[in-house]
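Model, not experiment: these values are computed from the prediction. Chain A is the first sequence line, chain B the second, and so forth, proteins listed ahead of strands; every chain is numbered from 1. Below, all heavy atoms of this structure are taken into account, side chains as well, without hydrogens, waters or symmetry copies.
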Amino acid sequence: MNSSNFHEPQRQSKIGVILVFGNSLYHLLKNLWFLVIYFFMNELDSQTIINSTIGATIIFILAFAYSILYFWRFVFYIDPKTEEFVLQKGVINSKTISLPFHKIQQVNLKRNLVQRLIGVYSVLIDTAGSKEKEVEIKALSRIKAEQLAELLISYSRLEENIKEVEIEGKAAIDWHFSLNTFQLLKLGLISNYIRGLLLLITFYITLKDQFFLNKFIPPEFMMEPSLDSPLSVWKIILLLLAIITVTVADTFIKYYGLRLKKSNSGLQIEMGLRKNKKVSLKAKRVQTIEILNNPFQQKLDLQKVKFFLASSPNDPEKSIITIPGISQELLSKVLGYMHVNPIKKQLTQIIHNKLLIFKKISVGFLPLLLIPIISKFYNLDLSLKWVIITISIYSVILFGYQLLYYRSLRLSFSEEFILKNSGVWEKKQQYLEIWKLQAVSMSQPLWYRKKNLVNLIFHSAGGDVRFELIDRNKAESLMDYVLYKIESTSKGWM
Amino acid sequence: MASLNQAEFENKQLDINSLPRFTEVEFYPLDTKYLIKLNILSGIGALIVVGALIVGYFLMEEYKILILWSAILFLPLFLWLIYRNFELQKRNGYAIRERDIIFKRGFLHEKITIVPFNRVQHVSARKDLLDKFLGISSLTIFSAGGSASDVTISGLLARNAEVLKEAISKRVSSNE
């Protein structure tokens with residue numbers, strides 16, 4: 001292992017040119033793909049072919065030249081004097097980014113499909129508070145990437161971190177878990193199809209927008225919701241199959257190769273087909289934990305867990321880590337690592353006022369007000385019989401759902417945690433670590449005053465959790481306790 | 001950090017009733033100049049609406065009756081707004097304890113937010129045009145809990161806002 005000197009300006013691995021080139025081609029294609037298709041769809045005479053080939057070649061060469069220049073001007077080094085990590089880049093406008101060591105929050109290694117093929121790693125540097133939220137060096141050999149990560153971490157004095165990025169062989173593994181293809185398939189089959197449906201619709205609309213779909217696809221295939229030709233059974237089955245396929249594919253892309261590894265240095269999570277993400281999860285950074293399971297997931301013993309990490313509010317996506325399916329046994333191990341050990345007996349419960357059911361039901365009736373408006377607007381001649389039948393079915397469902405929802409809703413707390421249970425079909429448990437909370441709010445509309453009820457809101461760095469219609473005295477004493485917990489600790493919440 | 005954790009680890013029994021209660025604090029009201037500001041704002045808003053209605057009345061013949069009705073309905077709305085301004089000035093208030101700041105606001109929908117000083121990210125004081133004119137400013141206290149937990153106290157005398165900002169900043173940094 002020849003140790004690289006990161007104090008001297010460094011470039012990425014030479015093979016990284018391919019990555020830059022591929023990336024610029026990808027961006028070109030992404031913006032121009034419909035042109036390409038449009039080109040092939042029309043009749044071609046030899047002149048256009050020659051012209052466009054020349055054009056394409058020029059673009060190709062320019063892109064390649066750009067990639068080499070970009071690669072050449074992408075320089076980074078560690079400056080121990082000013083205590084900064086410096087990155088210079090840019091072909092036309094050059095840009096220098098300096099990251100002070102103390103701002104560095106986390107250093108991760110990551111690679112996507114292309115990076116895997118050419119054998120390089122991305123080094124991601126997370127910072128807090130600075131304008132550049134995240135810096136990525138896209139093509140480094142494994143050895144260099146690991147050295148750089150280690151060096152940065154040791155400079156940034158994140159002592160807890162050093163161990164976490166240690167080379168795999170060194171750390172003793174306590175336990176590990178990986179999801180095999182069959183389990184992933186099962187997960188895809190039992191997951192929420194609404195997302196698949198939405199993806200399909202988006203795809204359809206983009207396709208229709210980008211080029212005039214009916215020009216290429218015979219009108220028989222268009223799904224025109226015309227009333228006189230009812231959808232045949234086959235069409236519905238075909239549509240369902242498409243939705244299921246898309247959902248399963250989506251699951252595979254997101255979670256392929258999911259691996260959890262707990263060693264004495266921390267918990268490492270790796271997943272994803274297109275973008276292979278590798279994160280080391282620090283218990284300290286986790287602000288909220290959500291455990292979700294529906295009866296299917298319960299039966300297969302694959303519960304879904306979400307970790308909400310501390311982040312800036314502008315970037316909510318990046319701060320959630322979802323593990324789609326792990327067994328109950330493993331879940332308790334993961335929670336144990338996060339110090340969540342809720343023993344049921346220790347929990348104190350606060351019950352929501354029953355008025356909550358009425359509130360939710362009356363809110364649920366609001367959409368019915370739309371019926372007269374819509375029927376007037378479209379001149380529909382609704383027969384009274386049908387309106388009454390629809391409304392009564394709707395009411396029964398609404399009542400049943402809200403009753404079940406109310407019964408599932410629970411606020412409990414132990415010395416260290418606040419737990420919210422909710423959900424009718426998909427049961428949700430949200431754990432908040434009390435001392436990590438940022439602020440608490442209590443709100444009271446005028447009409448709750450007589451009943452002495454309030455809404456309670458806990459603000460954590462991973463999002464808010466609300467409890468509606470709670471007895472004011474109980475809410476107040478819980479708030480006092482939470483404040484005591486936050487204010488009496490000197491530990492950093494992140 | 002690890003050694004610190006161990007040193008800190010103790011598990012004393014806690015008497016819930018002996019905890020300091022945030023409900024026992026006395027709230028400082030906002031300055032009366034805040035009421036002036038609110039009323040000026042409502043007044044400007046009303047002027048714009050009335051102006052639009054008058055222009056509409058003379059320009060759009062066919063909607064005359066509709067415009068008259070909206071003008072009649074607008075009057076109680078305006079009175080209500082002014083009444084609300086008085087209530088807001090009376091009810092909004094803040095309190096500072098040793099370790100946190102409490103802010104209460106709202107009339108129909110009252111909300112109390114408490115931000116512990118050891119969770120405050122930064123504090124900023126701001127003045128808009130009216131504030132400069134009236135000599136007041138608003139103080140915003142940011143925490144990492146997202147925009148819902150950020151507290152903005154408007155209608156503080158400029159001098160008080162500075163003092164408050166200093167006091168909070170001092171407590172925040174002494175926590176670190």
In terms of heavy-atom contacts, A/Gln438 and B/Pro116 come closest through O-CD, 3.3 Å
Rounded to the nearest 0.5 Å, what separates atom CZ in A/Arg472 from atom OG1 in B/Thr23?
8.0 Å
Rounded to the nearest 0.5 Å, the CD1 atom of B/Ile114 sits from the CG atom of A/Leu437 at a distance of 12.5 Å
Do you know which of B/Val151, B/Asp100, B/Ile102 has the most heavy-atom pairs with chain A at a distance under 4.5 angstrom?
B/Asp100
Quick check: are there more than 12 heavy atoms from other residues, nucleotides or ligands sitting under 6.0 Å from NZ of B/Lys132?
no
From A/Met479 CE over to B/Leu19 CG, what is the distance, rounded to the nearest 0.5 angstrom?
13.0 Å
Side-chain touch B/Glu110/A/Arg449, heavy atoms, less than 4.5 angstrom
yes
Residue from A/Ser441, A/Ser477, A/Ala439, A/Gly463 scoring the most non-hydrogen pairs under 4.5 Å with chain B is A/Ser441
Which atoms of A/Ile486 are under 4.5 Å from chain B, going by heavy atoms: the side chain, the backbone, both sets, or neither?
both
Which region of A/Ile457, side chain (C-beta onward) or backbone (N, CA, C, O), has a non-hydrogen atom less than 4.5 Å from a non-hydrogen atom of chain B, or is it both or neither?
side chain
Within 6.0 angstrom of B/Tyr28 OH, more than 12 heavy atoms from elsewhere
no
May I ask you to check whether over 12 heavy atoms, not counting those of B/Ile65, lie within 6.0 Å of atom CD1?
no
Nearest-0.5 Å distance, CG of residue B/Asn118 to OG1 of residue A/Thr489:
7.5 Å
Looking at A/Pro445 and B/His109, what are the two nearest heavy atoms and their distance?
CG-CE1, 3.7 Å
B/Lys127 atom NZ, neighbour heavy-atom count above 12 within 6.0 Å
no
So, does B/Arg21 use its side chain to make a donor-acceptor pair with the main chain of A/Asp480 at under 3.5 Å?
no
At a heavy-atom separation under 4.5 Å, does B/Gln121 approach chain A through its side chain, its backbone, both, or neither?
side chain
Within 6.0 angstrom of B/Tyr83 OH, more than 12 heavy atoms from elsewhere:
no
Check whether more than 12 heavy atoms from other residues, nucleotides or ligands sit under 6.0 Å from atom CG of B/Leu157, and answer yes or no.
yes
Non-hydrogen atoms of chain A under 4.5 Å away: do they reach the side chain of B/Phe103, the backbone, both or neither?
neither
When you look at CD of B/Glu62, are more than 12 heavy atoms from neighbouring residues, nucleotides or ligands closer to it than 6.0 Å?
yes
How about CZ on A/Phe358, more than 12 heavy atoms from neighbouring residues, nucleotides or ligands closer than 6.0 Å, or not?
no
Nearest heavy-atom contact between B/Arg119 and A/Trp435 is NH2-O, 2.5 Å
